[in-house]
Every structure is written in structure tokens, then in C-alpha cells.
Chemist: 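What follows is a single structure, and I will ask about it in a moment.
These numbers come from the heavy atoms of this one structure, side chains and all, not from hydrogens, waters or symmetry mates.
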Amino acid sequence: MGGAEIINWTQTIAWEAGDRHLEATCPACGDAGAKPVRLAVRSPWPPHPEQPLVTCAACGTAFHPTMGQPPYEAVLDPLVDVYLEQNAGIDVMAELLAAVDPSGIRRYIEIGCGFGFLLDYARVAFGWDARGFDPGYSARFGREALGVDIQHIYLNSAADAGSEPFDLALCAEVIEHVFEPEKLLVILRDSLTANGTLLLTTPSASGIRPETQPGTLLSLLCPGYHYALYSPKGMEALLRRVGFKSVSVIDRGHTLRVAASVGDELRADLARPFDRRSYHDYLRTRIGTTDPVSPLGVGYRYRLLKELTNAGQFEAARAAQAQVAAVIRQRWNIDLTDPAALHAALFEAPLPASIEAYHERYPFCLGSVLYFSGILAWLADGRRDIAQSWFQAATLAGERMRATLHIIGADDEESEELMWRARCYVSHLRVWSEPAKAAEDIRQLANMPSPLLGERVPARILEDAQRKIFVDLVNLGQYAAADRLAGPVEAALPSGGEGLASLAFALGILTLNHRKAPRAAAAFFGRAHQACLDMPDRETAPVVQSLLWPALYHQGQSLANAGLRQEAGEALRGLLKPAAGLPSVPLDLRARTELLVRTQRLPV
């Protein structure tokens with residue numbers, strides 16, 4: 001798969017102006033004729049030919065008209081290890097099943113089930129009779145490792161799936177590989193009961209944009225493997241053309257989530273919340289049944305660490321971290337108790353020349369384990385110095401792993417995301433010890449490419465980091481440092497919600513106390529107060545509880561300082577005589593307001 005040649009595949013993506021066209025028929029809507037070439041990317045299969053990607057003007061679906069059928073059965077063992085330890089989105093797949101009522105499902109079929117994680121989850125969590133179909137190597141491995149029912153064949157008809165129909169069919173991240181999607185969907189349609197449901201996920205064509213961060217774009221394109229990237233319009237047209245009457249498509253930016261039924265009633269709700277507790281229980285169950293040092297055992301343990309940390313269950317997360325650290329020490333002889341030393345060792349080590357060479361030295365999830373260890377040190381233990389070391393090591397480990405995947409034209413979107421967030425957190429953690437340096441570091445990060453891949457920080461991650469650092473600097477009274485970030489923060493204020501409320505309030509405090517511009521400060525406080533009022537959950541939202549009335553008080557105070565007594569009185573009247581349905585005014589703030597009105601003789 002690409003031999004020993006190391007290629008930065010993101011740099012082989014060449015965007016085109018659309019003046020080159022190719023004759024091609026859209027696999028989604030069937031539109032024929034010439035289609036503009038959106039981009040070209042090299043194939044990972046020797047001799048690495050250029051693969052043009054065209055876009056259908058009728059429905060927006062993008063596809064590779066010159067791509068050949070890849071040898072899926074030839075996928076190598078190390079790629080399965082990457083999947084098991086790091087990039088299998090078991091939670092994302094499990095979340096999809098939340099769209100249906102599990103009590104209404106008895107028989108479940110999954111096409112292109114891969115390793116079989118979701119078959120296993122459905123069986124363990126819900127007790128479903130689950131069967132999968134996949135001819136690939138990972139499916140053979142998964143059948144043995146998980147003990148799930150996987151048939152290693154391609155389905156040529158519904159009869160190949162068995163004589164009894166299924167209540168639910170899932171086709172996750174498969175249809176983008178298929179050159180004849182209608183044939184696959186007809187088989188799925190005929191495999192379902194009269195009221196059966198099809199759930200489907202696939203990369204979204206809407207993510208194919210120059211501004212999409214490189215690792216994410218490469219994961220979407222997956223050169224040599226992804227034939228078609230569907231638009232919501234194209235996907236719905238395709239499903240209805242093969243006989244699905246009820247169709248729901250949600251575009252989540254990089255992924256389409258789809259539910260469909262041949263009946264008039266769609267028994268699925270893609271917006272139904274996912275109760276992650278069942279997923280946590282599944283991980284704990286499987287941790288107790290797998291070899292700790294196997295790629296499967298490592299992957300389960302890392303995912304539990306991630307889940308518990310994200311859920312704020314820090315005590316349980318510490319135990320999960322200790323389990324992962326013990327396994328990594330046993331398998332790779334890596335000491336996770338000294339992240340600074342690990343960072344130095346990673347910095348000095350040569351880049352591996354292959355997937356196998358990398359895995360001899362490191363787990364594929366090392367960068368992610370380091371990242372969540374940093375989160376624990378920061379938020380659970382208050383150890384900002386140790387957390388900074390964790391994040392520095394995570395940044396380098398994540399990029400090393402991604403650079404290794406680039407050898408075969410692959411990437412890992414989560415590693416890319418966490419790598420950049422870790423790099424931002426290194427700057428953020430300086431707020432408490434070196435506030436001026438924290439502001440300067442995050443300002444300079446936009447111009448600092450990553451050391452191995454030469455990538456730039458994604459704008460949305462940088463913007464989020466600047467906002468959080470700015471608010472913390474203001475809250476700490478580090479106004480001079482905060483002022484260095486005020487320009488970009490103000491230029492990119494959100495249009496509403498919690499982000500606008502907190503940022504406008506912080507800008508008001510800075511403008512009032514540091515810039516000594518009370519009239520301008522009053523405008524910021526007014527925006528913060530209005531943002532709180534406009535929130536649909538204003539009766540329960542924490543930001544409303546903390547900022548609604550302080551923003552109004554500071555608005556009145558700023559107007560009074562500016563000599564605008566009438567306007568100040570009008571603002572403070574809303575605090576002294578609040579409208580019905582708003583949270584109660586804290587007694588101390590009401591007392592301060594009454595004192596301000598009395599001493600300034602404001603007309604309320």
C-alpha cells in the first residue's frame with residue numbers, strides 16, 4: 001500500500017477552478033453529462049495516479065469518476081491495530097442506534113460491519129439478534145475476537161442475508177465505497193420488515209472545502225477508497241429512487257446521518273439523545289474480557305478514559321488512566337508518570353518508516369491518552385504545571401502518529417483535533433503564571449506551523465482558545481495581557497448565546513476598568529444582558545444565572561460614569577423591577593444597585 005514512499009498526502013490535494021470537466025453520471029441523482037473537477041488527489045495505490053473529484057451541479061454530490069475498485073480484502077494487519085487502538089468511533093456508531101427504540105428491535109443486520117464493534121454493542125447492551133456481513137480482514141479478526149456473527153461474503157440479494165427479515169439495518173461508512181449504490185440499497189430494502197428501518201452514515205460532500213482542516217479533509221476523501229461523497233439532496237434522491245418512502249437526512253458538517261423506511265411511518269428520530277451510560281457499561285464489560293496488552297484491550301481502556309474524563313467523572317477517570325498507563329508500560333515500556341521526559345524522548349526519536357515500525361515503539365492512541373491525562377491534571381487535580389507537560393507530549397505524539405499514517409494516505413481526525421487543542425492549552429495554562437506570554441503565544445500560534453507536517457492551526461480551534469484565554473485574563477485582572485487579544489475576540493464575537501454573553505461581559509469589564517471608556521463599556525454590557533435574555537433556556541442556563549443581572553448593573557454603572565444619568569436610570573430600573581419570568585435578583589446586587597441609584601441620584 002504505497003510501498004516505502006513517505007508522502008504528505010494532504011499536500012497532494014490540488015484545488016481546481018472548475019474549468020476542467022469530465023463526462024460522468026452522478027451515482028446519487030443519475031444526472032449525466034460533463035461535471036466540473038473540484039480537486040485532484042493522488043491515489044495511495046502505486047503508481048499513485050491523480051484522482052479527480054467532480055461535483056454534480058444537480059444535487060451537490062462529489063465523486064471520483066476515474067477511481068478503480070480497491071482491494072479491500074488486502075487491508076493489512078497494522079491498519080486494524082490503528083482502528084482498534086485509536087480511530088474506531090464506537091461511541092459515534094452507538095449514538096446512531098439511539099435513533100430507534102431498542103425495545104422495538106429483535107433482529108438487526110449490519111452491512112460492512114468491519115470489526116463488528118456495533119454488532120457486539122447491540123448484543124451486549126440490548127440483547128438483539130445481530131448479524132453482520134463484511135468480506136474484509138478486520139471482519140475476520142473481529143469475528144474471532146468478539147465472538148460475533150459475521151458472514152465473510154458480499155450480499156448479492158436479500159436472500160443471502162437469511163430467510164427471516166430484519167427490524168433494523170445499519171450501513172455505517174460503507175456506501176461511499178460502493179460503485180453501484182442502488183444495488184446495495186435494494187438489497188437492504190428487501191432485507192427489512194414492512195415497518196423496518198434503515199440507518200446510514202456517510203461522509204458529507206459539504207465538508208469538501210479548502211478551509212476544512214487538512215487531516216479532516218484527508219479523512220473525508222480517503223484517497224483510493226471513497227468513491228462518492230453524498231450531499232443531503234443527493235442521498236435523499238438516491239433512497240427515494242430505490243423505494244424508500246420516508247427519509248430523514250441530517251448533515252452534521254462532515255457526516256450525513258440518515259434514517260429511511262419503505263413504509264409511510266419512519267420509526268426513527270435522529271435527534272433522540274444518546275444515553276452514554278450504556279456505552280460506558282459496554283466498555284467496562286469488554287475491559288473485563290479482553291487481553292489488556294492486545295490492541296483491542298488497549299483501545300477499550302483508552303476509550304473508557306476518554307469517556308469518563310469528558311463526563312467529568314474524575315475519580316473513575318483516574319482509575320481508567322492508571323489502567324491505561326499500566327498496559328502501555330507493560331507492552332511498550334513507556335513511563336507515563338514523567339510526561340516531560342516522554343516529550344523529550346519523542347522529540348529526539350527518528351520518524352518511523354512504516355506503520356509496523358511505529359507500533360513497535362508506541363500505541364496508536366498515545367497522543368490521545370496524553371491529552372486526556374492533561375485534562376485530568378488540569379481540571380481534576382489543579383496541577384497546571386504537570387498538565388502543561390502532558391499537553392506538550394500529546395501534541396508531539398499525536399503528530400508523529402498522523403505522520404506515520406500519511407505513509408499510506410490515511411489520517412486520524414480525532415488525533416488532529418486533540419493535537420491542536422493540546423497545543424492551545426499549552427498557551428492557556430500560562431495565563432496564571434505568565435499572562436503576557438500566554439497572550440503572545442496564542443497570538444503567534446496562527447503563524448507557527450506544526451513541526452512535522454507543517455500544518456496551520458484550524459481557525460475555529462484558535463478562535464476558541466483566544467476567547468477562553470481572554471476571559472480568564474480579564475477575570476484575573478490581567479488587563480494589559482487581555483487587551484492584546486481584545487481585537488480578534490471582538491472582531492469574531494458570536495451572534496448570540498452563551499459565547500456572546502460571556503465575551504461581551506469580559507469586553508465590558510476590560511473597556512471600563514482598563515480602557516477607561518464607560519460609554520463603550522455600557523454597550524458591551526448591554527449586549528451581554530440581551531444575549532442572556534435571548535437564550536431559550538434562560539431560566540436554567542448557568543451563564544444567565546451568573547451574568548444576567550451583573551451585566552445590567554455594570555451597564556447602568558458605566559452609563560452613570562459616562563454622565564448619561566437618564567440612560568443609567570432606565571437600565572437599572574430593569575434590575576430593581578425585573579420582568580416576570582426572569583431569575584430573581586441576588587440580594588447583595590440589589591442592595592448595590594439601590595446604593596448606586598441613591599448616591600448618583602439616578603431617575604429610576
Side-chain angles (χ1 to χ4, degrees), residues 9-10 12-13 15 26-29 35 38-41 43-44 51-56 59-65 67 69-70 72 75 79 82-83 86-93 95-96 99 110-114 118 134 136 170-181 184-185 198-239 247-260 270 402 405 408-417 458:
W9 292 94
T10 60
T12 75
I13 300 171
W15 294 92
C26 176
C29 69
K35 292 176 172 56
R38 177 74 166 139
L39 59 81
V41 61
S43 167
Q51 281 186 176
L53 182 82
V54 301
T55 301
C56 175
C59 74
T61 293
F63 60 102
H64 293 285
M67 179 177 149
Q69 177 74 46
Y72 291 112
V75 173
L79 288 180
V82 176
Y83 182 75
Q86 170 61 36
N87 64 19
I90 309 175
D91 58 329
V92 177
M93 295 185 286
E95 182 182 358
L96 187 62
E110 187 177 344
I111 307 302
C113 60
L118 207 54
D134 194 310
L170 178 72
C171 189
E173 308 302 304
V174 171
I175 200 167
E176 64 272 13
H177 299 266
V178 177
F179 287 75
E180 297 179 295
L184 170 65
L185 292 173
L198 167 66
L199 297 177
L200 183 150
T201 67
T202 189
S204 172
S206 65
I208 307 302
R209 304 186 306 271
E211 59 268 25
T212 297
Q213 58 197 75
T216 301
L217 182 61
L218 191 63
S219 296
L220 290 171
L221 291 172
C222 198
Y225 286 99
H226 287 180
Y227 167 63
L229 301 166
Y230 292 90
S231 68
K233 181 178 179 181
M235 177 55 65
E236 181 168 353
L238 175 60
L239 286 164
V247 179
S248 174
V249 182
I250 294 178
D251 189 347
R252 301 185 70 176
H254 299 148
T255 302
L256 296 183
R257 303 186 72 181
V258 184
L270 294 171
R402 291 183 57 222
L405 292 184
I408 57 169
D411 210 323
D412 181 62
E413 185 176 348
E414 181 182 48
S415 293
E416 180 186 30
E417 176 86 8

Chemist: Mind checking the CG-CG spacing from Leu39 to Leu53? Nearest 0.5 Å is all I need.
Modeler: 4.5 Å
Chemist: Could you walk me through whether Thr255 and Glu173 satisfy the side chain to side chain contact (heavy atoms under 4.5 Å, CB included) test, starting with their C-alpha distance in whole Å, then the side-chain angles of each, then the deciding distance to 0.1 Å, before giving a yes or no?
Modeler: CA-CA 9 Å; Thr255 302; Glu173 308 302 304; 4.2 Å; yes
Chemist: Are any side-chain N or O atoms of Ser231 and backbone N or O atoms of Cys59, one a donor and one an acceptor, separated by less than 3.5 Å?
Modeler: yes
Chemist: Is the backbone of Thr216 close enough, under 3.5 Å, to the side chain of Glu416 for a donor and an acceptor to pair up by distance?
Modeler: yes
Chemist: Work out which heavy atom in His254 is nearest to a heavy atom in Gly207; give both atom names and the distance.
Modeler: CD2-CA, 4.1 Å
Chemist: Of the non-hydrogen atoms in Leu238 and Pro181, which two are nearest, and what is the gap between them?
Modeler: CD2-CB, 3.9 Å
Chemist: Looking at CD1 of Ile208 and OG1 of Thr55, how far apart are the two atoms once the value is rounded to the nearest 0.5 Å?
Modeler: 8.5 Å
Chemist: How close do Cys29 and Cys26 get, counting heavy atoms only, and between which atoms?
Modeler: N-SG, 3.5 Å
Chemist: Could you measure the distance from the SG atom of Cys56 to the NZ atom of Lys233? Nearest 0.5 Å is fine.
Modeler: 8.5 Å
Chemist: To check you understand the geometry: which heavy-atom pair defines the closest contact between Asp134 and Gly114, and what is its length?
Modeler: OD2-N, 2.8 Å
Chemist: Measure from the side-chain N and O atoms of Thr201 to the backbone N and O of Arg257, and report whether any donor-acceptor pair falls under 3.5 Å.
Modeler: no
Chemist: Quick one: list whatever passes side chain to side chain donor-acceptor pair (under 3.5 Å) with Asp411, sequence neighbours left out.
Modeler: Arg402, His406
Chemist: How far does CG of Leu198 sit from CG of Leu185, to the nearest 0.5 angstrom?
Modeler: 7.0 Å
Chemist: Going through the distances and angles, do Asp412 and Val82 end up as a side chain to side chain contact (heavy atoms under 4.5 Å, CB included)?
Modeler: CA-CA 9 Å; Asp412 181 62; Val82 176; 6.0 Å; no
Chemist: For the atom pair CD (Glu176) and NE2 (His64), what is the distance rounded to the nearest 0.5 Å?
Modeler: 11.5 Å
Chemist: What are the two closest heavy atoms between Gly234 and Thr61, and how far apart are they?
Modeler: CA-OG1, 3.8 Å
Chemist: Measuring only between side-chain heavy atoms, which start at C-beta, is Met235 closer than 4.5 Å to Leu200?
Modeler: yes
Chemist: Looking only at heavy atoms, which two atoms of Pro223 and Val41 are closest? And how far apart?
Modeler: CG-CG2, 3.7 Å
Chemist: Could you tell me how the ring of Tyr227 sits relative to the ring of Phe179: parallel (under 30°), tilted (30 to 60°) or perpendicular (over 60°)?
Modeler: parallel
Chemist: What distance separates Leu270 CG from Leu199 CG, expressed to the nearest 0.5 Å?
Modeler: 7.0 Å
Chemist: Just wondering, are more than 12 heavy atoms of other shown residues or ligands nearer than 6.0 Å to CD in Glu211?
Modeler: yes
